[in-house]
Amino acid sequence: SGAQHQFPDTALPYADDVKWLVPDHLATLAEAFPSLRPRTALFTHDDGRAARLLQAAGTIPIAHAGGSYDLPAVVWLPERYPRCPPLVFLSPARGTVLRTDHPLVDRSGLVAAADAPYLRSWAFPSSNLRDLVRSLSHAFGIDPPLLPAEVAYRRDALAAMACADVAALHAASEAEVEALFAVQAELRGRGKAADGLVRRAGEEVDALERRLQDVTVAAYALEAWVGANRTTVAAHGDAQAGAAVQPADALSVQRLECAAMDLALEDTMYALDEAVQHGTVPFSGYLRSVRALAREQFFQRALWTKLC
């Protein structure tokens with residue numbers, strides 16, 4: 001309507017330069033949406049201040065899923081209207097509830113000005129109530145903000161069940177992760193122990209190889225000595241063979257005894273090597289015996305060194 005409308009109450013707190021525009025907006029809205037009726041009512045601000053303001057109360061028609069529905073709503077015109085946008089509240093009818101996850105409506109039923117496209121782009125003097133409600137009717141027809149109470153109850157129940165399932169799955173996952181960490185720690189411990197065993201076995205192998213080299217050198221020396229004295233032994237005959245290698249003095253006797261003990265120990269260790277390779281002697285027993293024999297061989301060789 002092009003006619004100007006007067007305020008029913010001259011005490012309403014709107015600016016003088018727009019007092020003709022505010023009722024005109026309400027009249028235009030009522031012509032396009034007769035279900036929204038203009039009136040005055042007491043509005044309480046968030047800070048507790050109360051003011052008598054204009055509003056359009058009733059329902060906003062929507063079309064959804066082939067049916068027509070009416071959303072109970074109140075459109076409040078704040079003191080700075082129309083330079084600032086109106087406040088639109090939805091109030092659930094009997095048997096319905098507000099959706100808590102709607103992108104345009106908060107839990108109190110207020111249509112968020114920052115999310116609703118028409119409210120977000122509100123501009124004076126081109127924006128108006130009629131176009132706002134048309135925009136909301138279209139948006140709510142696509143995505144209704146209200147649900148029947150039974151549907152909401154079922155949805156909340158399903159959501160609670162899903163949350164419980166997620167919590168149970170999370171707890172089970174945490175238990176599995178803790179078990180895996182425990183297995184990992186045990187494997188690390190076993191790995192360190194195995195590394196230590198391998199390292200010690202390697203050290204023992206190195207020691208045995210060094211002893212083998214010493215024995216080989218001694219064997220070569222003995223063979224050389226036998227070769228050098230073979231003519232003497234043959235000249236005196238088998239009966240006098242022992243006399244041919246008799247030590248010249250007590251020091252030589254000790255040296256000979258040390259050499260004989262060294263060779264005897266070496267023969268024993270060689271026999272143990274053969275036995276452990278054939279499996280007739282356990283490896284642990286082999287290691288203990290070789291350690292004892294090697295210690296004794298070390299003492300005999302140390303004595304030999306002192307005697308020489």
Side-chain angles (χ1 to χ4, degrees), residues 1 4-5 7-9 11-64 68-93 96-147 152 155:
S1 169
Q4 295 183 359
H5 299 271
F7 285 107
D9 186 348
L12 291 174
Y14 299 101
D16 291 337
D17 61 335
V18 295
K19 282 193 173 182
W20 64 270
L21 187 60
V22 174
D24 186 67
H25 278 192
L26 285 171
T28 303
L29 173 65
E31 291 176 2
F33 296 94
S35 58
L36 291 171
R37 296 175 298 276
R39 65 179 184 179
T40 60
L42 194 64
F43 181 82
T44 302
H45 291 274
D46 292 338
D47 59 5
R49 293 181 299 105
R52 183 165 295 279
L53 302 177
L54 285 169
Q55 65 168 221
T59 60
I60 297 176
I62 66 171
H64 177 72
S68 298
Y69 305 91
D70 293 320
L71 298 181
V74 178
V75 181
W76 287 93
L77 308 187
E79 292 91 330
R80 297 187 62 248
Y81 183 87
R83 289 184 170 84
C84 69
L87 302 174
V88 182
F89 288 90
L90 302 182
S91 55
T96 63
V97 293
L98 276 171
R99 282 177 48 191
T100 58
D101 60 345
H102 197 276
L104 303 183
V105 183
D106 65 17
R107 292 178 177 270
S108 69
L110 175 66
V111 178
D115 299 321
Y118 196 89
L119 289 175
R120 186 173 60 244
S121 60
W122 182 274
F124 174 78
S126 58
S127 299
N128 58 80
L129 299 176
R130 179 192 59 197
D131 293 341
L132 167 64
V133 173
R134 282 178 179 171
S135 174
L136 293 177
S137 176
H138 176 73
F140 292 153
I142 297 173
D143 189 10
L146 300 181
L147 288 175
R155 185 194 62 178

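As the structure is a computational prediction, the values presented were derived from the model and not from experiment.
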Novice: Counting only pairs under 3.5 Å, give me each side-chain donor-acceptor contact of residues 80-90, with atom names and distances, residues two or more places apart or in other chains.
Specialist:
from, atom 1, to, atom 2, distance (Å)
Tyr81, OH, His25, ND1, 2.6
Arg83, NH2, Asp17, OD2, 2.5

Novice: Any side-chain heavy atom of Thr28 sitting closer than 4.5 Å to one from Leu129?
Specialist: no
Novice: Carefully, step by step, assess Arg52 and Phe43 under the rule side chain to side chain contact (heavy atoms under 4.5 Å, CB included).
Specialist: CA-CA 6 Å; Arg52 183 165 295 279; Phe43 181 82; over 6 Å; no
Novice: Between His102 (side chain) and Asp143 (backbone), is there a donor-acceptor pair under 3.5 Å?
Specialist: yes
Novice: Just wondering, do Leu77 and Tyr14 contact through their side chains at under 4.5 Å, heavy atoms?
Specialist: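 Result yes, sub-4.5 Å side-chain heavy-atom pair found.
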Novice: Working to the nearest 0.5 Å, report the span between OG of Ser127 and CG of Leu119.
Specialist: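 Answer for the OG-CG pair, Ser127 versus Leu119, is 9.0 Å.
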Novice: Would you say Asp46 has more than 12 foreign heavy atoms packed within less than 6.0 Å of its CG?
Specialist: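 Atom CG in Asp46 is not crowded, with 12 or fewer foreign heavy atoms closer than 6.0 Å.
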Novice: Write down the atom of His64, the atom of Gly141, and the distance for their closest heavy-atom approach.
Specialist: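 Minimum heavy-atom contact is ND1-O, 2.8 Å.
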Novice: Mind checking the CZ-CG spacing from Phe33 to Asp70? Nearest 0.5 Å is all I need.
Specialist: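 Answer rounded to 0.5 Å: 11.5 Å.
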Novice: If I take atom CZ from residue Arg134 and atom CD1 from residue Ile60, how far apart are they, to the nearest 0.5 angstrom?
Specialist: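 With rounding to 0.5 Å, CZ (Arg134) is 13.0 Å from CD1 (Ile60).
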Novice: Less than 6.0 Å separating the ring centroids of His138 and Tyr118?
Specialist: no
Novice: Taking all atoms of both residues into account, what is the closest heavy-atom pair of Ala32 and Arg130, and its distance?
Specialist: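 It is CB-CG, 3.6 Å.
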Novice: Please find the pair of heavy atoms, one from Arg99 and one from Pro144, that lie closest to each other, and give the distance.
Specialist: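 The answer is NH1-O, 2.8 Å.
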Novice: Do Glu79 and His45 pass the side chain to side chain contact (heavy atoms under 4.5 Å, CB included) test, and can you show the C-alpha distance, the side-chain angles, and the key distance before you say yes or no?
Specialist: CA-CA 11 Å; Glu79 292 91 330; His45 291 274; 3.0 Å; yes
Novice: Is there side-chain contact between Leu12 and Thr40, with at least one heavy-atom pair below 4.5 Å?
Specialist: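 They are in side-chain contact.
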Novice: Indicate the atoms forming the closest heavy-atom contact of Leu36 with Ala73, along with that distance.
Specialist: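 For Leu36 and Ala73, the tightest heavy-atom pair comes out as CD2-O, 4.2 Å.
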Novice: Report the C-alpha distance between Val74 and Trp76 in whole Å, list the side-chain angles of each, state the deciding distance to 0.1 Å, and finish with yes or no for side chain to side chain contact (heavy atoms under 4.5 Å, CB included).
Specialist: CA-CA 6 Å; Val74 178; Trp76 287 93; 3.3 Å; yes
Novice: Side chains of Thr59 and Tyr69, heavy atoms from C-beta outward: is any pair under 4.5 Å?
Specialist: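 No, every pair of side-chain atoms sits at 4.5 Å or beyond.
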Novice: Quick one: does Leu26's side chain get under 4.5 Å of Leu54's, heavy atoms only?
Specialist: yes
Novice: I need the minimum non-hydrogen distance between Ala56 and Leu29, along with the two atoms involved.
Specialist: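 In terms of heavy atoms, the two residues are closest at CB-CD2, 3.7 Å.
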Novice: Got a sec, which residues hit side-chain contact (heavy atoms from CB on, under 4.5 Å) with Ser91, two or more places apart in sequence or on another chain?
Specialist: Pro72
Novice: Backbone N or O of Pro61 within a donor-acceptor pair of the Ser137 side chain at under 3.5 Å?
Specialist: yes
Novice: Within the structure provided, determine whether Leu147 and Thr96 are in side-chain contact (heavy-atom separation under 4.5 Å).
Specialist: no
Novice: Could you check whether any side-chain heavy atom of Pro103 comes within less than 4.5 Å of a side-chain heavy atom of Asp115, counting everything from C-beta outward?
Specialist: no
Novice: Are Leu98 and Pro92 packed together at the side-chain level, in the sense that at least one heavy-atom pair is separated by less than 4.5 angstrom?
Specialist: yes
